[in-house]
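Each remark here refers to the structure printed beneath this line.
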There are 2 protein chains.
Amino acid sequence: MRPDDLPEVRRLPLFQKMEAANFDELVGKSYMQTFPAGLEMIRQGDPADFLHVMLEGAVELYAKWGGRECTMAVVRPVSTFILAACIKDAPYLMSARTLERSRIILIPSAGLREIFRRDTEFAVSVVTELAASFRSIVRNTKGLKLRNSRERVASYLLRQSRLLDDAPSYRLPVEKRLLASYLGMTPENLSRTIKTLEDHGVKVDGMRVIITDRKKLVDLAQPDTLIDGPDPDALGTGSSLPPVQRWA
Amino acid sequence: MRPDDLPEVRRLPLFQKMEAANFDELVGKSYMQTFPAGLEMIRQGDPADFLHVMLEGAVELYAKWGGRECTMAVVRPVSTFILAACIKDAPYLMSARTLERSRIILIPSAGLREIFRRDTEFAVSVVTELAASFRSIVRNTKGLKLRNSRERVASYLLRQSRLLDDAPSYRLPVEKRLLASYLGMTPENLSRTIKTLEDHGVKVDGMRVIITDRKKLVDLAQPDTLIDGPDPDALGTGSSLPPVQRWA
DNA sequence: TCCCGACATTGATCCAGGTCAAGTTTTCCG
DNA sequence: CGGAAAACTTGACCTGGATCAATGTCGGGA
């Protein structure tokens, strides 16, 4: 484990306020691992023995059923994932694969549960993170059930801009293929939908998104605080794609 | 508050293991309220000042956006709801309306957060419940994104039977209108879908469900532990309809 | 018990979005 | 670089499910 990794981990909301001794104890039981790109590192149904902390790279959380699969979230550093399964000591509900070569810290879930019981600040952080994750996926479900695919795309694109203080242009944080699956549609349909949005205030060229007429886009997307935020919940890994980056 | 209510509340997973003194303190700050049927008792966006404990009746949790709305869950006694919003001290993401005249205990969320910090067993119960809720809604989202509406209906009907030790017949716990919305489809489509399922092992007559050929139904529904359970998660109010009752 | 309003079913029709099949562009590696 | 694989786009077509409209059925209150 590199020496400059730990401070970053320590700064995560989940670990920030816990006792130093307890943090050290957790870290002592953990180990770091590097995975190549494209590896299924977690298979849904397996026991959740480790909380994962992303240090570097990108991981897709996805679900499988029958032959089908769908993207549930994409995790980027620095953040943790699959907290709920660890707390419940239950099998993973989702699979995970690396999108890039990734460095990840594995923290034994037994240790988490133990320290939860004796470190109040840590307990508060855990419960806050879990509540945030829950609320994040509730928002997501609301979007899926209440909006059609065009509205979902429009509000996704608008939401990302808002995260950057209404930046007029930014870069998509993931491939369109993943975005489509995350939004519950096919890549073909996403492609076509994006084209029809050009008349409604947003243009997408490759990975680049340009808001050409914010008012028009807002009219169409009808953003709603209780679905799209501004969203203190989204900090954790409930169910979201990574935040965008401003266009360089 | 009726004297025989409290033991039932105390027996809930959330309160069972906490210190008696702390339980009493919470109860002391709470009060009971009776709502008539059909009342919007929680409006999404309002601050979450109270954890709700259903004693009697039935409540629908639903989400609104634009003119549309959809059912997220139905809560029956004895259980709690909107824990996550209380923990985060954040606005409700869903609205709630009574389906029947309902008796409900309101526990101030500030008190919850306070006792969480000093009662370890309670903290464990809270975090367990939240993790379960999270997992429950993840399952739900997987069902929505991976299955078409026919598969969702088939697995719903099969799942309810399983909850009753594979009972061959049971009564739907909610109106079909609500079931349809919960499953993400229109009542019309649910009606038609049910009809087509008669050739596939299940018959629905009014509120009564009869499994006529379990094997056929299983073939079609392809139940999956990681979506349909058996599901220790579903205890809480993540995102589910109430358990069915065996047909009398 | 009757009647009203809500729920449920059924039929006809429409359309959003999926599927299949080529192309085209981008990305990644040797 | 160069070439193959993957991602993306575009077009044609089809279908699952929504919508609209009409009728049937049930449950609860006067």
Side-chain angles (χ1 to χ4, degrees), chain A residues 36-39 57-58 60 66-71 74 97-101 143-154 156-157 171-198 200 203-209 220, chain B residues 36-39 57-58 60 66-71 74 97-101 143-154 156-157 171-198 200 203-209 220:
Chain A
L39 184 82
E60 175 195 6
R68 306 167 212 170
E69 62 177 67
C70 70
T71 303
V74 172
R97 69 165 72 93
T98 49
L99 296 174
E100 311 167 0
R101 174 185 171 84
L144 275 178
K145 291 181 79 170
L146 292 169
R147 305 213 254 229
N148 62 30
S149 63
R150 177 189 227 210
E151 291 160 341
R152 291 201 295 278
V153 174
Y156 175 81
L157 293 176
R171 193 184 154 81
L172 286 177
V174 295
E175 290 175 339
K176 294 205 183 107
R177 181 180 59 92
L178 286 181
L179 178 58
S181 179
Y182 173 72
L183 293 175
M185 58 202 292
T186 59
E188 294 96 322
N189 191 27
L190 175 61
S191 216
R192 279 186 259 269
T193 300
I194 283 174
K195 180 156 292 182
T196 74
L197 288 181
E198 287 186 8
H200 296 268
K203 196 167 172 329
V204 180
D205 178 34
M207 296 266 97
R208 181 172 193 168
V209 179
L220 191 135
Chain B
L39 185 82
E60 175 194 7
R68 306 167 212 170
E69 63 176 67
C70 71
T71 303
V74 174
R97 70 165 69 93
T98 49
L99 296 173
E100 312 167 1
R101 175 185 171 84
L144 275 178
K145 290 181 79 170
L146 291 169
R147 306 213 254 230
N148 63 28
S149 61
R150 180 190 224 208
E151 291 160 342
R152 291 200 296 277
V153 174
Y156 175 81
L157 294 175
R171 192 183 156 81
L172 286 178
V174 295
E175 290 175 338
K176 295 205 184 106
R177 181 180 59 92
L178 287 180
L179 178 57
S181 179
Y182 173 70
L183 294 175
M185 57 202 292
T186 59
E188 294 96 321
N189 191 25
L190 174 61
S191 220
R192 280 188 257 271
T193 302
I194 283 175
K195 180 157 289 181
T196 74
L197 289 180
E198 286 185 9
H200 295 267
K203 196 168 173 328
V204 180
D205 178 33
M207 295 269 96
R208 182 173 192 167
V209 179
L220 191 135

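Chain letters run A, B, ... following the sequence lines, proteins first, then strands; residues in each count from 1.
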**Fill in**
Bend of the helix from C/dT1-D/dA30 to C/dG30-D/dC1 from end-axis comparison, five pairs per end, nearest 10°, comes to 50°
**Asked** Rounding to a whole Å, what distance do you find between B/Lys145:NZ and C/dG18:C1'?
**Response** 16 Å
**Message:** Distance check, rounded to the nearest 0.5 Å: B/Thr193 atom OG1 versus B/Glu151 atom CD?
**Reply:** 11.0 Å
**Asked** Would you call B/Glu188-B/Arg177 a salt bridge at under 4.0 Å N-O?
**Response** no
**Request:** Take atom CD of A/Glu198 and atom P of D/dT9, then tell me their distance rounded to the nearest Å.
**Result:** 11 Å
**Prompt:** Rounded to the Å, how far apart are A/Glu151 CD and C/dC15 P?
**Reply:** 17 Å
**Message:** So, does B/Lys195 get its side chain near the phosphate of C/dT10, meaning an N or O under 4.0 Å from OP1 or OP2?
**Reply:** yes
**Complete:** In this structure, CG of A/Asn189 is separated from CG of A/Leu183 (nearest 0.5 Å) by 10.5 Å
**Asked** Atom CZ in A/Arg68, atom CG in B/Leu146: separation rounded to 0.5 Å?
**Response** 7.5 Å
**Message:** To the nearest 0.5 Å, what is the distance between NZ on A/Lys203 and CD on A/Glu198?
**Reply:** 5.0 Å
**Message:** How many whole angstroms separate atom CD1 of A/Ile194 from atom P of C/dG17?
**Reply:** 14 Å
**Fill in**
Between NZ of B/Lys176 and P of C/dC7 the distance, given in whole Å, is 13 Å
**Request:** Mind checking the OG1-NZ spacing from A/Thr71 to B/Lys145? Nearest 0.5 Å is all I need.
**Result:** 6.5 Å
**Message:** Between B/Thr98 and B/Pro36 (side chain of the first, backbone of the second, donor and acceptor by atom type, cut-off under 3.5 Å), is there such a pair?
**Reply:** yes
**Fill in**
Quick tally for nucleotides 24-30 of chain C: nucleotides whose base has a protein heavy atom under 4.0 Å get B, sugar-phosphate-only ones S, the rest -, giving -------
**Item:** Out of C/dA8, C/dT10, D/dC8, whichever nucleotide has its closest atom nearest the side chain of A/Glu175
**Value:** D/dC8
**Message:** Between P on D/dA7 and CD on A/Glu60, what's the gap in Å once rounded to a whole number?
**Reply:** 11 Å
**Message:** Restricting to non-hydrogen atoms, name the atom on B/Val153 and the atom on B/Met185 that form the minimum distance, rounded to 0.1 Å.
**Reply:** CG2-SD, 3.7 Å
**Message:** If I take atom CZ in residue B/Arg101 and atom C1' in nucleotide D/dG28, what distance separates them, rounded to the nearest angstrom?
**Reply:** 16 Å
**Message:** Minimum heavy-atom separation for A/Ala37 and A/Leu99, please, with both atom names.
**Reply:** CB-O, 3.9 Å
**Length of the line joining B/Leu99:CG and C/dA6:C1', which is rounded to integer Å** = 14 Å
**Request:** Could you tell me the separation between the OH atom of B/Tyr182 and the CD atom of B/Glu60, rounded to the nearest 0.5 Å?
**Result:** 12.5 Å
**Message:** How would you summarise protein contacts on nucleotides 15-22 of chain D per nucleotide, using B for base, S for sugar-phosphate only and - for none, with heavy-atom distances below 4.0 Å?
**Reply:** --SSBB--
**Message:** Quick test of your reading of the model: are B/Glu69 and B/Arg97 salt-bridged, counting only N-O distances below 4.0 Å?
**Reply:** yes
